[in-house]
Amino acid sequence: MTAIRPPQPPPGNGLTADSLLVDRTGAVVTLTLNRPEAMNAFTVDLKEALRDTLAQLESDRSVRAIVLTGAGGAFSGGQDLREHASLLEAGSTDLNTVQLHYNPIAQRLASMPKPVIAAVRGMAAGAGASLAMLADFRIGGPKTSFLMAFANVGLAGDSGISWSLPRIVGHAKAVELLLLAQPVRAEEAYRIGMLSQLLEDDEQVLPAAHELAERLAAGPTVAYGAIKRELFIGDAGTLSDALAAEAQAQAICGATADHRGAVESFLNKQKPTYQGH
C-alpha cells in the first residue's frame, strides 16, 4: 500500500495533511477521514483536503476505484460544530462552506467516473450521511447507523441529501428521516436501501469494501463511468434524455480497447482482461 500525499494548498489556509489519509493499492485508492477523536467531523482543513483530493482522483485514469471510510469507530459525525460555533460567535451567519466545500465534494462523488464504495463503520451523521449516500455502494456492519441530523441544529439538509436520499428511500421516507432526525440502525438501513450490503462483523466492513473495489478496478472502467452518467441523466430526465445519453455512452464505450477485447474474449470463450481504456 502506497501513501499519497493530498494536494498541497497555497500557504496560509491551514490545511493539515493528517486530516485525510490517502492510500493506494494498485488501482484502488482509499480515502480515510482521519479525526477519530471527533468522530471524523468536518473541519475546513478536512473539507479542503477531501475536495481537492477528489478533484485529483477524478482526472487520474490510473485510479479505477475509490473507497471512502472513517478512522476509529465512526464514519463521520458531519460538520464540526465546535468550529462552526466559533464562526457564529464571530458574527458569521453565512454558511458559505456549503458553496465552497460541501457542494464541490458532493458533485465530485456523484459524478466520479469510476466506482466509489463507502465503508460505513459506526455513525454517519449530517454531511457524513449525505456523502455516504452519494457513493455507488455502501457497506456496513452491526454498529452502522445513519442520522439526518440537520434539523436537530436548526438547519436544512445539504451535501446533496435532498437529491440522493429520495432516490434511495423514496420521497415520503426521506421527509420522515430529515424532519424527525432520528437514527436509522443497520438492519433498517439495509432494508430501505441505505446500505447496499450489511455484514455480521464490523471488522469486515473495510476488507469487504476493498474486495469490492478491487473487483471493480479490474473491470471496464470506461463503461462503469458511462453507466453512472446514464443513470444520472435518466433518473431525472425524460426518455428522450435517457436515449440520447445511452447513444452517446455506447459510442464512447464501443471505441474502447476494453470493448474490443471483451468481444474477442467472448468469441474465443476466454475471460476478458480490462485495461480501463
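Note that the numbering runs from 1 along the sequence shown for the chain.
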Only one of Leu31, Val22, Asp45 passes side chain to side chain contact (heavy atoms under 4.5 Å, CB included) with Leu50; say which it is. Leu31

Rounding to 0.5 Å, atoms CD1 (Ile66) and OG1 (Thr30) come to a distance of 9.5 Å

Closest approach of Ser62 to Asp60 (non-hydrogen atoms, all atoms of both residues): OG-OD1, 2.6 Å

Please report, to 0.1 Å, the donor-acceptor pairs under 3.5 Å made by any side chain of residues 121-135, with sequence neighbours excluded.
unit_1, atom_1, unit_2, atom_2, d
Arg121, NH2, Gly70, O, 2.9
Ser130, OG, Gly126, O, 3.3
Ser130, OG, Asp158, O, 3.0

With salt bridge (charged side-chain N to carboxylate O under 4.0 Å, His left out) as the criterion, how do Arg191 and Glu188 come out once you've worked through the C-alpha distance, each side chain's angles and the decisive distance to 0.1 Å? CA-CA 5 Å; Arg191 186 185 70 81; Glu188 174 69 1; 2.9 Å; yes

Closest non-hydrogen contact found for Lys47 with Ile105 is O-CD1, 3.6 Å

Run the salt-bridge test on Glu203 and Lys143 with the 4.0 Å N-O cut-off and return the result as yes or no. no

Please list all pairs passing the side-chain hydrogen bond (donor to acceptor under 3.5 Å, both in side chains) test where one or both residues lie in residues 224-233, with sequence neighbours left out. Asp136-Lys228

Hydrophobic cluster mates of Ile227, side-chain heavy atoms under 4.5 angstrom, ILVMFWY only, any path? Leu231

Kindly give the heavy-atom pair with the smallest separation between Ser59 and Gln56, and that separation in Å. OG-O, 3.2 Å

Considering only distance and modelled atom types, tabulate donor-acceptor pairs under 3.5 Å from the side chains of residues 235-250, sequence neighbours left out.
unit_1, atom_1, unit_2, atom_2, d
Asp235, OD2, Arg167, NE, 2.7
Thr238, OG1, Ser240, N, 3.4
Thr238, OG1, Asp241, N, 3.1
Thr238, OG1, Asp241, OD2, 3.2
Asp241, OD2, Thr238, N, 3.0

How far apart are the closest heavy atoms of Gln99 and Pro104, and which atoms are they? O-CD, 3.3 Å

When you compare the side chain of Ile252 with that of Val222, does any pair of heavy atoms fall below 4.5 Å? yes

Do the side chain of Arg138 and the main chain of Met194 share a donor and acceptor less than 3.5 angstrom apart? yes

Taking side chain as C-beta onward, heavy atoms only, is Gln197 less than 4.5 Å from Phe137? no

With a 4.5 Å cut-off on side-chain heavy-atom distances among I, L, V, M, F, W and Y, is there a chain of contacts connecting Val67 to Leu57? no

Show every ring-ring contact (aromatic ring centres under 6.0 Å, His included) that has at least one partner inside residues 156-207, sequence neighbours left out. Trp163-Phe232

Solution key, residues 263-277 side-chain donor-acceptor pairs under 3.5 Å, sequence neighbours excluded:
unit_1, atom_1, unit_2, atom_2, d
Ser265, OG, Gly261, O, 2.9
Asn268, ND2, Glu264, O, 3.1

Is any side-chain heavy atom of Leu195 closer than 4.5 Å to one of Ile139? no

Looking at OG of Ser159 and CG of Asn103, how far apart are the two atoms once the value is rounded to the nearest 0.5 Å? 7.5 Å

If you look only at distance, which donor and acceptor atoms sit under 3.5 Å apart when one is on a side chain in residues 213-221 and the other is two or more places apart or in another chain?
unit_1, atom_1, unit_2, atom_2, d
Thr221, OG1, Arg64, NE, 2.7
Thr221, OG1, Arg64, NH2, 3.3

Apart from Leu180 itself, what residues make up its hydrophobic cluster when side-chain heavy atoms of I, L, V, M, F, W and Y under 4.5 Å apart count as a link, directly or indirectly? none

Checking Val120 against Val205 for the side chain to side chain contact (heavy atoms under 4.5 Å, CB included) test, could you report, in this order, the C-alpha distance in whole Å, the side-chain angles of both residues, the deciding distance, and whether it holds? CA-CA 7 Å; Val120 187; Val205 170; 5.8 Å; no

Under 4.5 Å between side-chain heavy atoms, counting indirect links through other Ile/Leu/Val/Met/Phe/Trp/Tyr residues: same cluster for Leu21 and Leu206 or not? no

If you look only at pairs with a residue in residues 104-120, which of them pass as a side-chain hydrogen bond (donor to acceptor under 3.5 Å, both in side chains), with sequence neighbours excluded? Glu58-Arg108

Considering only residues two or more places apart or on different chains, which pairs with a residue in residues 237-262 satisfy ring-ring contact (aromatic ring centres under 6.0 Å, His included)? none

Closest non-hydrogen atom pair, Leu100 against Arg51: O-NH1, 2.9 Å

Same cluster (ILVMFWY, side-chain, under 4.5 Å), Leu212 and Leu109: no

Separation of Leu147 CG from Arg185 CZ (nearest 0.5 Å): 9.0 Å

By the ring-ring contact (aromatic ring centres under 6.0 Å, His included) test, which pairs, at least two apart or in different chains, include something from residues 138-159? none

Single-linkage hydrophobic cluster Met39~Leu68, side-chain heavy atoms < 4.5 angstrom: no

Heavy-atom pair with the smallest gap, counting every atom of Gly160 and Ala106: N-CB, 4.3 Å

Using a strict threshold of under 4.0 Å (side-chain N to carboxylate O), is an ion pair present between Lys173 and Glu176? yes

Ile233 and Ile168: same hydrophobic cluster, using ILVMFWY side-chain contacts below 4.5 Å? no

What I'd like to find out is whether the side chain of Thr69 reaches to under 4.5 Å of the side chain of Leu33, using heavy atoms alone. no

Student check: side-chain heavy atoms of Leu177 and Val184 closer than 4.5 Å: yes

Could you list all the side-chain hydrogen bond (donor to acceptor under 3.5 Å, both in side chains) pairs where at least one residue sits in residues 34-44, not counting sequence neighbours? Arg35-Asp80

Are the side chains of Val44 and Thr97 in touch, meaning some heavy atoms are under 4.5 Å apart? no

When rounded to the nearest 0.5 angstrom, what is the spacing between CG in Leu20 and OG1 in Thr32? 7.5 Å

